[in-house]
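Here the structure comes first, spelled out in structure tokens, and everything after it is commentary.
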Amino acid sequence: MSSPTKPQGFATRAIHSGRDKSDPHGSLTSPIYMTSTFEFDTAEQGGARFAGEEGGYIYTRLGNPTLNELEQKLAELEGAEACLTVASGMGAISSVFWSFVSPGDEILVDETLYGCTFAFFRHGMERFGITVRHVDMRDPENLTREISDKTRVVYFETPANPNMRIVDIKAISEIAHTKGAKVVVDSTYCTPYLQNPIALGADIVVHSATKYLGGHGDLMAGVILSSTEDMEQIRYVGLKDMTGAVLSPMNAFLITRGLKTLELRMERHCDNAEKIASFLEGNNKVEKVFFPGLPSFDQYELAKTQMRRFGGMIAFELNGGHDAGLKFLNSLELCKIAVSLGDAETLVEHPASMTHSTYEPEERARFGITEGLVRISAGLETADDILADINQALNYS
Ligand SMILES: *Cc1c(COP(=O)(O)O)cnc(C)c1O
């Protein structure tokens with residue numbers, strides 16, 4: 001029996017919340033509004049909508065019912081006032097930065113970042129007069145030392161791609177806020193099911209919904225979550241005027257569909273990753289395993305304080321370094337050699353030559369992305385089958 005005061009569980013909210021009940025036919029799944037524009041009854045109505053005097057849709061880059069339904073659901077799941085869905089994770093990140101930084105500003109970002117995010121900061125933002133400094137955010141003291149009155153945004157991933165470093169969201173947010181900087185967290189690896197950065201003090205959360213939120217490897221999408229006030233800026237400056245990274249209603253529908261099984265999928269991803277990490281740790285060809293759920297992991301205690309479980313991503317280093325890593329990939333039969341993550345299929349890649357080739361070799365060395373590192377996105381297959389494939393591939397590497 002449900003009591004009216006007890007909050008609903010994650011899976012219930014992922015299935016039911018945000019539902020647009022305006023469909024006249026009672027369709028159980030909401031219709032997909034595949035339209036670029038919306039017809040006004042009168043010229044005056046169009047004017048009133050543009051002036052913000054009347055609600056209602058105008059043009060899909062500014063809002064669309066299918067996107068809106070997904071945004072309501074994600075805001076609810078992440079515990080944010082507002083959500084915006086966009087065309088990709090990079091669209092989410094760039095829309096946030098174009099909304100809040102100007103020439104002369106400084107941003108402080110972690111050392112290990114998704115490769116294209118690193119490139120956006122290093123080769124993109126710097127061309128427009130923004131100072132980008134990398135800080136090892138694992139130790140909040142480093143931020144205290146580096147932050148200044150010019151710092152507008154503090155940005156990090158946790159766990160960080162690809163080497164699984166964990167950043168203390170609460171401690172970093174407190175320090176950033178003493179200088180009025182906004183804290184932006186890329187929580188792609190966790191989804192709202194495993195971690196809620198806003199509850200720990202962050203201002204803005206971004207996700208690549210291409211990964212676990214979509215969950216089936218069949219679309220590109222990004223998500224931004226923040227206060228209503230920040231979202232006004234991001235929607236009407238960042239997305240509308242700067243990036244135009246608008247999500248297709250079809251893809252929004254597919255994500256809404258994927259969210260119905262997010263809890264089930266994440267539990268399975270976590271189960272499989274724990275099994276793979278323990279298996280790798282016990283293998284004599286493996287030099288080191290990076291997985292926040294292993295008690296041997298440096299930041300295991302911190303991970304436990306801010307993540308519900310440890311996620312589906314694992315990185316490891318083979319004794320034979322770079323060459324052994326490539327041999328391992330080429331020996332896999334069931335697991336796929338592919339970038340991306342969070343899909344039903346187990347995906348394995350080599351960051352130094354693939355996702356993190358945007359870093360110069362010296363930068364990789366300095367930031368802890370070693371040449372032999374192999375990254376695994378644990379899929380949803382039967383665990384024994386994944387382990388058997390990894391085991392046979394290790395024998396060749
Ligand atoms: C994939 C990814 C991104 C970029 O998202 P796209 O949807 O590919 O644009 C950003 N951050 C992390 C952590 C990612 O894994």
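Here the structure is a predicted model, which is why all the values come from computation and not from measurement. Just so you know, ligand 1 is whichever comes first in the structure, and atom 1 is the first atom listed for that ligand. Each residue takes its place number in the sequence, starting with 1.
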| Straight-line distance of Thr66 OG1 to Asn251 CG, nearest 0.5 Å | 11.5 Å

| task | Please report which non-hydrogen protein atom sits nearest to atom 6 (P) of ligand 1, along with the residue it belongs to and the distance in Å to one decimal place. | result | Gly89 N, 3.3 Å

| Distance from atom 4 (C) of ligand 1 to nearest protein heavy atom, with residue and atom | Tyr114 CE2, 3.4 Å

| task | Would you mind listing which atoms of ligand 1 come within a distance below 4.0 Å of any non-hydrogen atom of Leu341? | result | 15 (O)

| Lys/Arg cation over aromatic Phe279: Lys275, 6.0 Å, 45° cone | no

| task | Please determine, by modelled atom types, if Asn163 and Arg375 share a side-chain donor-acceptor pair under 3.5 angstrom. | result | no

| said: I'd like to know whether ligand 1 has Gly91 as a neighbour, heavy-atom separation below 4.0 Å. | reply: no

| request: Could you list which atoms of ligand 1 come closer than 4.0 Å to a heavy atom of Ser88? | output: 7 (O), 9 (O)

| request: For residues Phe328 and Phe316, establish whether the separation of their ring centroids is below 6.0 Å. | output: yes

| note | The atoms of ligand 1 lying under 4.0 Å from a heavy atom of Ala221, numbered in the order shown, are 7 (O)

| request: May I ask you to check if ligand 1 and Thr210 share an N or O to N or O distance below 3.5 Å? | output: yes

| message | I need the contact type for Ser340 against ligand 1. Using non-hydrogen atoms and a strict under-4.0 Å cut-off, is it side chain, backbone, both or neither? | response | neither

| In the protein, what heavy atom is nearest to atom 2 (C) of ligand 1, and what distance, to one decimal place, separates them? | Lys211 NZ, 2.5 Å

| message | Please work out, at 4.0 Å between heavy atoms, whether the side chain, the backbone, both, or neither of Val206 comes within that distance of ligand 1. | response | neither

| task | Considering heavy atoms of the protein only, find what lies nearest to atom 11 (N) of ligand 1 and give residue, atom and distance to 0.1 Å. | result | Asp186 OD2, 2.6 Å

| query | Are the aromatic rings of Phe118 and Tyr359 close, with centres under 6.0 Å apart? | reply | yes

| Pick from Arg152, Lys150, Arg133: which one makes a salt bridge (charged side-chain N to carboxylate O under 4.0 Å, His left out) with Glu106? | Arg133

| field | Proximal candidate to atom 9 (O) of ligand 1 [heavy atom criterion; set Met220, Met90, His207] | value | Met90

| Centroid separation Tyr57 to Tyr33 less than 6.0 Å | no

| Partners of Tyr212 by ring pair (Phe, Tyr, Trp, His ring centres under 6.0 Å), sequence neighbours excluded? | His269

